[in-house]
There are 2 protein chains.
Amino acid sequence: MTAKVPHTLRSDARDNRDRLLDAARELFSVDGLTVAVRDVARRAGVGPATLYRHFPTKEALVTAAFEDQLRACRDIIDEACADPDPWHGLCQVIERICVLHAQDRGFTEAFLSAYPRAFTAAVGHGHMLEAIADLAGRAQRTGRLRPDFVPDDLVLMLLANKGLQAASPAARPAASRRFAAYIIQALTHGPHNTPLPPPARLATPEPGTG
Amino acid sequence: MTAKVPHTLRSDARDNRDRLLDAARELFSVDGLTVAVRDVARRAGVGPATLYRHFPTKEALVTAAFEDQLRACRDIIDEACADPDPWHGLCQVIERICVLHAQDRGFTEAFLSAYPRAFTAAVGHGHMLEAIADLAGRAQRTGRLRPDFVPDDLVLMLLANKGLQAASPAARPAASRRFAAYIIQALTHGPHNTPLPPPARLATPEPGTG
DNA sequence: GGAGAAACGGACGGGGGCGTCCGTTAGCGT
DNA sequence: ACGCTAACGGACGCCCCCGTCCGTTTCTCC
């Protein structure tokens with residue numbers, strides 16, 4: 001029970017930790033979270049035990065590796081919510097998060113329920129969803145966002161965008177950009193809008209199975 | 001080399017084969033192709049060896065299990081191509097294939113490149129894509145389908161729709177229906193169309209990684 | 001009803017991934 | 001320079017999955 005936490009890593013340890021995070025980001029971003037922990041360690045030039053010493057479980061490694069991306073995500077949303085034009089803000093959210101996800105497969109999988117516990121808790125999905133819902137409400141009141149849009153539709157679109165990662169890594173950004181443009185088109189309120197089927201309750205995505 | 005193929009299965013064998021296909025369809029449709037072959041065998045009430053006797057590899061089981069779905073898919077497309085209103089036909093393709101995929105996760109994964117060899121060869125993806133491209137061209141000439149649509153965009157949408165399978169099984173059909181409606185909205189030609197980013201070359205989806 | 005072959009299924013080997021143990025190395029403070 | 005301890009990493013156990021082998025059961029045909 002005597003807390004003997006050094007709070008200061010030895011130089012080599014700090015070094016290895018950094019290299020591990022870099023390696024994790026590299027591998028996860030291209031191949032997703034299925035990459036073996038061993039491969040991350042090998043890429044970083046350390047043994048598996050070293051990795052597990054720094055990150056007791058794969059989930060810990062994942063959350064640590066994607067801290068920045070998560071912050072970037074939040075920044076995008078905060079910025080959009082502060083946009084004086086809520087419709088423009090919403091479009092920005094869609095476009096930017098889509099390409100962000102397209103650029104990083106691992107982050108997308110982490111963000112969308114591969115390790116739901118870690119991420120939903122860490123960032124407070126709830127808060128983000130609330131902010132988005134508010135933004136969407138304001139966008140609807142401007143008349144640019146179709147009135148039958150519901151916030152869950154945004155989750156729908158994010159999940160759909162994730163599906164694009166089955167494409168070749170090289171094609172992903174272009175695919176997501178084009179997809180985002182289509183989505184914005186679909187969300188635009190206009191005289192040609194055809195009625196939508198009832199919204200889906202996505203509440204609890206099944207755990208695992210990124 | 002003496003061909004001693006009975007061509008007529010013993011009654012119990014035929015029975016087991018049917019039960020295996022049923023079990024495979026049930027499990028694959030809900031949980032996708034990640035289900036262990038053992039589980040399929042267990043569900044069918046037979047040993048693993050029996051399964052492998054009927055289907056020498058997992059891929060063989062998958063293709064056999066989804067033969068009907070594949071035919072249904074082709075029928076949808078053929079029917080749509082024969083539709084006197086090509087735009088209506090295209091919409092039908094989108095709606096029906098989206099819900100077909102929403103109802104059956106395993107088929108979707110099989111259809112979209114989890115076992116590319118088996119399926120692309122079996123059905124001739126090429127032919128289907130050609131037919132769709134022709135249909136889309138005709139739809140564009142009616143002025144209902146936006147002119148900057150390219151056939152690859154349909155693959156884009158199918159991949160995106162696949163992403164919705166991360167939702168709970170119960171929510172999938174509703175999600176896909178709504179998604180399809182949004183897509184059709186996005187593809188509609190109208191004065192409010194905003195230009196799209198350049199299309200993505202999806203040509204060769206990476207193998208594996210359903 | 002009995003012989004022969006087809007079909008069955010439990011047990012096995014191989015591969016891969018996750019997380020751990022312990023003998024060894026190397027940074028740090030004196 | 002030297003010892004103490006943090007940090008390292010190869011090797012290990014465990015689990016899961018795929019596909020195979022062989023002794024046993026069961027259908028079929030006479």
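In what follows, every heavy atom counts, from backbone to side chain, and hydrogens, waters and symmetry copies are set aside. Lettering of chains follows the sequences in order, A, B, ..., and the numbering in each one begins at 1.
Put simply, Thr57(A) has no side-chain N or O that comes within less than 4.0 Å of OP1 or OP2 on dC18(C). Residue Thr50(B) has no polar side-chain atom (N or O) positioned under 4.0 Å from OP1 or OP2 of dA7(C).
One atom, CG of Leu9(A), and another, C1' of dA26(C), lie 15 Å apart when rounded to the nearest Å. Atom CG of Asn16(B) and atom P of dT25(D) are 17 Å apart (whole Å). Rounded to whole angstrom, the span from the CZ atom of Arg19(B) across to the C1' atom of dG9(C) amounts to 13 Å. For the pair Asp39(A) CG and dC18(C) P, the interatomic distance rounds to 8 Å; values are reported in whole Å. A straight line from CZ of Arg38(A) to P of dG10(D) spans 9 Å, rounded to a whole angstrom. Taking atom OH of Tyr52(B) as the reference point, atom P of dG13(C) lies 17 Å away to the nearest angstrom. The nearest whole Å value for the distance from the CZ atom in Arg17(B) to the P atom in dA6(C) is 18 Å. Atoms NE2 (His54(A)) and C1' (dA6(D)) sit 11 Å apart, rounded to a whole Å.
Inter-residue side-chain proximity for Ile77(B) and Ile97(B) is flagged as met; some heavy-atom pair is nearer than 4.5 Å. The closest side-chain heavy-atom distance from Thr50(A) to His54(A) is below 4.5 Å.
Contact of Arg53(B) with dG19(D) (side chain to base): no donor-acceptor pair of N or O atoms is detected under 3.5 Å. Contact of Arg14(A) with dG27(C) (side chain to base): no donor-acceptor pair of N or O atoms is detected under 3.5 Å. Side-chain atoms of Arg10(B) stay outside donor-acceptor range of the base of dA7(C), with no qualifying N/O pair under 3.5 Å.
Nucleic acid contact class of Val40(A) (heavy atoms, under 4.0 Å, all strands): none. Residue contacts shown for Ala49(A) include a base, since a base heavy atom lies under 4.0 Å away.
Closest contact between the side chain of Ala36(B) and the listed nucleotides dC18(C), dC18(D), dG9(C) involves dC18(D). For Val37(B), taking side-chain heavy atoms from C-beta onward, the closest of the listed nucleotides dG9(D), dC18(D), dG19(C) is dC18(D). In the set dG9(C), dT28(D), dC28(C), dT28(D) carries the atom at the smallest distance from any side-chain atom of Ser11(B).
By the 4.0 Å N-to-carboxylate-O rule, Asp134(B) lies close enough to Arg138(B) to be salt-bridged with it. Between Arg19(B) and Asp22(B) there is no salt bridge, since no side-chain nitrogen of the basic residue lies less than 4.0 Å from a carboxylate oxygen of the acidic one. With respect to Asp75(B) and Arg71(B), no salt bridge is recorded, no charged nitrogen being found less than 4.0 Å from a carboxylate O.
Judged by closest nucleotide on DNA chain D, Pro48(B) is the one of Pro48(B) and Asp12(B) placed further toward the 5' end.
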